[in-house]
Protein chains: 2
Amino acid sequence: MHVSEQAETGADPVPDLPGLARRATLRDVARRAGVSTAAASKVLRGAYGVSPGMRERVQEAMTALSYRPNTSARGMRGKTFTVGVVISDVQNQFYDQVLSGLTPVFGAADHKVLIAPAGTTMESELAAVEGMVDHRMDGLVLVTPLVPRAELERIAAILPVVVVARGGAAEGYDTITTDDEAGSALIVDHLVGLGHRDIAHITLGWSGDDPTLPFRARARGYEAAMRRHGLEDRIDIVTTAWSHQGGFDAAEVFLSRPGLPTAVHAGADVAALGLLSDFWARGIDVPGVVSVAGYDNSPIGMLAPISLTTVEQGAGELGMRAADLLLERMAGRTEPRSVLLAPTLVPRSTTAAPRA
Amino acid sequence: MHVSEQAETGADPVPDLPGLARRATLRDVARRAGVSTAAASKVLRGAYGVSPGMRERVQEAMTALSYRPNTSARGMRGKTFTVGVVISDVQNQFYDQVLSGLTPVFGAADHKVLIAPAGTTMESELAAVEGMVDHRMDGLVLVTPLVPRAELERIAAILPVVVVARGGAAEGYDTITTDDEAGSALIVDHLVGLGHRDIAHITLGWSGDDPTLPFRARARGYEAAMRRHGLEDRIDIVTTAWSHQGGFDAAEVFLSRPGLPTAVHAGADVAALGLLSDFWARGIDVPGVVSVAGYDNSPIGMLAPISLTTVEQGAGELGMRAADLLLERMAGRTEPRSVLLAPTLVPRSTTAAPRA
DNA sequence: CTGTTAGCGCGTTCAC
DNA sequence: GTGAACGCGCTAACAG
């Protein structure tokens, strides 16, 4: 394949340098279009003050040179047109759904989305967030952040921030979440309605005790509902990791005791599935011997052979509305918003009336 | 809380500006340490040519000012210490596993990882890749890219690239994948061994026909194995989306015909699960009436009530080794590498001998 | 109103 | 070890 006359008007960029190719810069574009870089910049940003004729010449030069703006350079003075999403655990399908809600909204607003994996410790999470700030993101969506609220406020003083799936009114940033207390109460009510009294709860083992953390809220909702039903002496909370393995470990805890509870409400579907895996492996009938409920309505639980009773948070809507909130903030809003959505119960086949 | 003498040595950054807080720059650090910015830069990068005493003074100033390097500025001349991962579908658990393999390796090498969602079209995928280049990533991992190889070569001429889960030797970039032809052959052999002859295959509907695309390789492996067993007249390939819905649609195609095949090999677990969902909903016994096998060994398939026969690709190892390859390339290697791992069969309960 | 000139921002690099 | 130029898009300030 040889160089043809295409090379003059074609998509071939600026002459390559030894090693890696050089991309065309705005100066190249301006030179080719015979205008100043300022004018080219205006066209690039769709800014005010360029004649249609000039606009066209510049745009032509841009396509001819396959011009792409250098985000690093943009980040030095202006915007990067990129928002960052920090997610603790890419494995959890809930986060995927939030993401699917977010992405198209930002795409429609001409903003790229970049995702940072936050890991499972507070240090790694904070590092991920700081990395996003280093990259000069225009705004940040933090999904279930675990860091103290003071840290969130500090970050929010640097750039617009929306927190998803962790509630509580805040000063400098927006929050959007479903009512986790109400969600867990829905489960308890459902189980009590079926006739259960020995209902245990699985929560996430985490050093921080901030009441806005979703697993704390769910545990609170569980406790309050148990009290409301006069079952305060049956309150039984097991602490574990919020993962498949964590659910498995919780099952082992229950099995090491004299008797099983008749129902278990795990604070997350992943944990419920780990718990179920252990029960299935041991041939313990669910829901015959023990009922199991989760939280999140993850796609796995919908599969017929699993059919997990759970709570729907509307992850997609959470993501969509979070994106809207962040766009508003990036557009200048400074008054904080706190949105609380209502969860709904999704009763399926892992819960039933207890035996005798 | 008032300003104490801490302010002199403390973590409080540079005076805030109206609106959003300003972060300390390398100049602030240099000024505070009483050295030149060049020296401060050397300390920051761990570069050669600084005395231990100076190094210490600069590092002190950095912590005191909570200094963080501006990645945009770094991207203008040097490295960003960030690698980009482009992933087409965050919902597919295979990609999550690749990611879990990648992240710690880059973390250990002091590189941040940023993920871009590529969407499902070629345009959106290319846009995601270009966005990464715009951000001046030091290197790129592309997981199952769908764009033509010429595009990959073009990108690889700009920055180091490793392609995961799409094979074929290339000029300018590395590839690492499992042998997809062999993988689908494993499934066919397994099914034939059970006594099946009417074995159908589900592949991804996609306009591109590049033979290195994994679903093409799997279809090829299926066809070749069918031929090898003398079943060329039973070859039956259904084209659909590679998703839960896609599997569901494929089931509808099979059901609209006079008779079902006795076994279906879906090119991906997600599709197999969609297929199964339809069969379950209709009360079609699996594996009694029809055997079903997938590809990917995703966590869902491991759950006891699902227990999906599938192929293990070693997604985690794929990710780890891809990270190693990219680090090598970023360190200067230019000769391309192409790694091909061997897949393994994971026989479970969705496949069994056909009836009579 | 349209277009230009002349820095700016911040970490890196090169000549001294 | 230092000073100063550099990279590239953005933006006052200014000229036509």
Side-chain angles (χ1 to χ4, degrees), chain A residues 13-14 17 20-58 61-62 65-82 131 133-136 138 158, chain B residues 13-14 17 20-59 61-62 65-82 131 133-136 138 158-159:
Chain A
V14 171
L17 289 185
L20 302 183
R22 183 171 99 79
R23 301 191 124 193
T25 73
L26 197 57
R27 267 190 247 297
D28 297 324
V29 171
R31 186 157 30 232
R32 186 187 171 101
V35 300
S36 71
T37 60
S41 175
K42 283 184 189 175
V43 173
L44 176 60
R45 288 169 294 138
Y48 182 77
V50 265
S51 64
M54 172 177 252
R55 154 163 286 109
E56 196 170 328
R57 290 218 320 285
V58 171
M62 284 182 176
L65 297 173
S66 317
Y67 170 75
R68 299 230 93 213
N70 179 333
T71 308
S72 289
R74 291 187 128 176
M76 298 285 297
R77 291 187 70 78
K79 306 180 30 158
T80 55
F81 297 96
T82 310
V133 179
D134 299 343
H135 270 273
R136 293 296 181 269
D138 291 342
I158 304 174
Chain B
V14 171
L17 289 185
L20 301 182
R22 183 171 100 80
R23 303 190 122 190
T25 73
L26 197 57
R27 269 190 245 298
D28 297 325
V29 171
R31 186 157 31 230
R32 187 188 172 101
V35 300
S36 70
T37 59
S41 174
K42 283 185 188 172
V43 173
L44 175 59
R45 286 168 296 139
Y48 179 78
V50 267
S51 65
M54 171 174 260
R55 154 163 286 109
E56 196 170 330
R57 291 217 320 285
V58 171
Q59 277 167 342
M62 284 182 176
L65 297 173
S66 316
Y67 170 74
R68 299 231 92 210
N70 179 333
T71 307
S72 287
R74 291 187 126 176
M76 299 281 300
R77 292 192 69 81
K79 307 182 30 161
T80 55
F81 296 96
T82 310
V133 179
D134 298 344
H135 270 274
R136 292 297 181 269
D138 291 342
I158 304 173
L159 81 178

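Keep in mind the model is a prediction, meaning the values are calculated, not measured. Proteins come first, then strands; the chains are lettered A, B, ... in the order of their sequence lines, and each starts at number 1. Computation of the quantities below employed the complete heavy-atom set of this structure, encompassing side-chain atoms and omitting hydrogens, waters and symmetry-equivalent molecules.
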Go along nucleotides 4-16 of chain D 5' to 3' and tag each nucleotide: B for a protein heavy atom under 4.0 Å from its base, S when only backbone or sugar atoms are that close, - otherwise. --BBBBBB-----
Hey, does A:Ser36 reach any base, or is it just sugar-phosphate, or nothing, if we go heavy atoms under 4.0 Å? base
What nucleic acid atoms does B:Ser72 come within less than 4.0 Å of, heavy atoms only: base, sugar-phosphate, or nothing? nothing
Nearest atoms (heavy-atom pairs only) where B:Gly34 meets B:Arg57: O-NH2, 4.0 Å
Taking every non-hydrogen atom, the tightest pair across B:Met54 and B:Ala39: SD-CB, 3.8 Å
Given that A:Tyr48 and A:Val35 both sit by DNA chain C, which one's nearest nucleotide is further toward the 5' end? A:Tyr48
Is a side-chain donor or acceptor of A:Asp138 paired with a backbone partner of A:Phe81 at a separation under 3.5 angstrom? yes
Ion pair check, B:Arg23 and B:Asp28, cut-off under 4.0 Å: no
Would you mind reporting whether B:Arg136 and B:Thr71 have side-chain heavy atoms less than 4.5 Å apart? no
Is there side-chain contact between A:Leu44 and A:Pro69, with at least one heavy-atom pair below 4.5 Å? yes
Does a donor on one side chain and an acceptor on the other come within less than 3.5 Å for B:Thr80 and B:His135? no
Examine the side chains of A:Arg55 and A:Ser51 and answer whether a donor and an acceptor come within less than 3.5 Å of each other. no
Reading DNA chain C from 5' to 3', where do the contacts with chain A start and stop? Cut-off is 4.0 Å to heavy atoms. C:dC1 to C:dC10
